[in-house]
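Bear in mind that the values here come from a model prediction, so they are computed numbers and not experimental data. Along the sequence shown, residues are numbered consecutively beginning with 1. Scope of the values below: all heavy atoms of this structure, side chains included, with no hydrogens, waters or symmetry mates.
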Amino acid sequence: RSHLASKAHRHVNAVMKGLRSAMISLGSIVAVTLVGSLVFSALEAESENADRQEYTAYMMRLNATYSMSSADFEELVDRFGTPLEFDPQSDERNWGVSNSNSFLFAFTIVSTIGYGNFAPVTDGGKLFLMVYALVGIPIVGTCVGVLASQLLKMLEHWAVMHMDVVEQAFKHYDVDDSGFLSREEFREALEDLDIFLTAAQFEQLVADTDDEGTGMIELDEFKLAAAELNLPLGKAARTRVRLGVSVLTAIVWIFVGSFAYVLLEDWRYVDSLYFCVVTLTTIGLGDKVPSSQAGVTFNYFYCVVGLGLIALLLTAISEYMNALADEVCQSPNVQHPLCNAATSVLR
């Protein structure tokens, strides 16, 4: 019972540590976006109000000049997409402290999505955007990566715990078929995997891994150590798991978003799916942008996680291809010119 309690305690500590990192990252993203939203609103709100007044006056002169019917005039205004009756607190406003559009705009800058459906028009707004982008993009990019990596780490941890290659490695190092790794076998396994520890580091690892304190490492304990220490138990096999988890997670997240926008924005499913892919790949065409308060709010958190998942997916693809190339080139039966060229370059 104490053995199970110890394992549960370690898992809880690992989860709580990941959650703390995720919450700090999320808080940082919100803070950076909020600061940008407030500053942009302060710099651009007055200009927007002046533009709206000029637009309203122009439309009224146009109506008076051509004596349009009420129906024709309403259709014309509707086609312009900007109503004459303007509430400064409404969603029609681009800039404002309580408006979600300015918040979304600030996030699209620091996330490099850049929908482009509206932009600053004042010199102050343009100058601030340049500084804000240079400072905010690295901060938000790092925080988004941390959030996504914590999610992926939990999924990958579960996957590694169930990898056949981990069990095969355990059996390989268990030379006496006892079902346990002795301290000597455990050290030999680490050194064979190019993990060299000092005596004190090894003792600490044994203490952390061996929950029962017997000095013998069980299969479950070895799996846990493999997951937590990122032991290279077949580099291509390990990166294959990471790639599979990354692909599956990214696909699921895209479909989650596509269904959500259908409900929140009343879009067709194809348009919703198209928007998710265009957004998460940071293409950001801007031809479709959430307009409802619920859609804008969801879009913010959807992108925070999704952008990180796409970045991790690209990293996983690169790692897997490199690991696969390493295994092919290290095989004694392979004598390929590209492998020889790579080896000579490294030397």
Side-chain angles (χ1 to χ4, degrees), residues 29 32-56 58-59 76-130 132-133 136-137 140 144 254 257-258 260-304 306-307 310:
I29 296 171
V32 170
T33 307
L34 182 60
V35 168
S37 175
L38 294 175
V39 175
F40 278 121
S41 295
L43 294 172
E44 297 292 326
E46 184 177 348
S47 175
E48 181 179 16
N49 290 338
D51 289 342
R52 292 301 297 262
Q53 293 174 2
E54 182 182 350
Y55 163 78
T56 300
Y58 170 76
M59 294 300 292
L76 178 64
V77 172
D78 183 63
R79 287 183 179 274
F80 268 90
T82 307
L84 292 180
E85 296 181 2
F86 176 61
D87 179 5
Q89 303 301 322
S90 72
D91 288 336
E92 301 293 339
R93 184 185 180 90
N94 291 332
W95 311 107
V97 175
S98 60
N99 188 273
S100 59
N101 289 334
S102 59
F103 194 80
L104 178 61
F105 172 81
F107 178 70
T108 62
I109 295 301
V110 292
S111 63
T112 71
I113 295 174
Y115 288 131
N117 53 323
F118 64 93
V121 296
T122 66
D123 291 341
K126 293 175 182 178
L127 290 172
F128 175 71
L129 186 148
M130 290 185 282
Y132 180 65
I137 288 174
V140 171
V144 166
I254 288 174
S258 62
Y261 290 115
V262 167
L263 298 175
L264 298 174
E265 296 293 326
D266 196 27
W267 289 345
R268 296 187 309 143
Y269 181 76
V270 172
D271 292 334
S272 183
L273 182 62
Y274 161 81
F275 170 78
C276 290
V277 174
V278 166
T279 294
L280 295 186
T281 53
T282 69
I283 296 172
L285 295 177
D287 52 340
K288 296 199 73 66
V289 178
S291 57
S292 69
Q293 184 69 45
V296 170
T297 303
F298 174 77
N299 187 67
Y300 180 74
F301 292 100
Y302 179 72
C303 292
V304 165
L307 292 174
I310 296 299

Could you tabulate the donor-acceptor pairs under 3.5 Å formed by side-chain atoms of residues 276-284, not counting sequence neighbours?
residue: Thr279; atom: OG1; partner: Tyr115; partner atom: OH; Å: 3.0
residue: Thr279; atom: OG1; partner: Phe275; partner atom: O; Å: 2.9
residue: Thr281; atom: OG1; partner: Val277; partner atom: O; Å: 2.6
residue: Thr281; atom: OG1; partner: Val278; partner atom: O; Å: 3.3

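Partners of Ser37 under the side chain to side chain donor-acceptor pair (under 3.5 Å) rule, at least two apart in sequence or in another chain, are Ser102. Contacts of Asp287 classified as side chain to side chain donor-acceptor pair (under 3.5 Å), with partners at least two apart in sequence or in another chain: Tyr274. Listed by chain and number, the residues in a side chain to side chain contact (heavy atoms under 4.5 Å, CB included) with Val39 are Val35, Leu43, Phe128 (sequence neighbours excluded). Partners of Tyr269 by side chain to side chain contact (heavy atoms under 4.5 Å, CB included), not counting sequence neighbours, listed by chain and number: Phe255, Ser258, Phe259, Val262, Leu273. A search for side chain to side chain contact (heavy atoms under 4.5 Å, CB included) contacts involving Ala294 returns Leu264, Ser292, not counting sequence neighbours. By the side chain to side chain contact (heavy atoms under 4.5 Å, CB included) test, Ala42 is found to be paired with no residue, residues two or more places apart in sequence or in another chain being considered. Shown here are the side chain to side chain donor-acceptor pair (under 3.5 Å) partners of Tyr300, two or more places apart in sequence or in another chain: Thr33. When the side chain to side chain donor-acceptor pair (under 3.5 Å) test is applied to Thr112, no partner is found at least two apart in sequence or on another chain.
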Residue pair Lys288, Tyr261: steps toward the side chain to side chain contact (heavy atoms under 4.5 Å, CB included) verdict: CA-CA 11 Å; Lys288 296 199 73 66; Tyr261 290 115; over 6 Å; no

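For Asp51, the CG atom is densely surrounded, since the number of other residues' heavy atoms within 6.0 Å is greater than 12.
Of the residues Val32, Val140, Ile137, Leu129, the one that meets the side chain to side chain contact (heavy atoms under 4.5 Å, CB included) test with Ile109 is Leu129.
Applying the salt bridge (charged side-chain N to carboxylate O under 4.0 Å, His left out) test to pairs two or more places apart or on separate chains, those with a residue in residues 270-283 are Arg268-Asp271.
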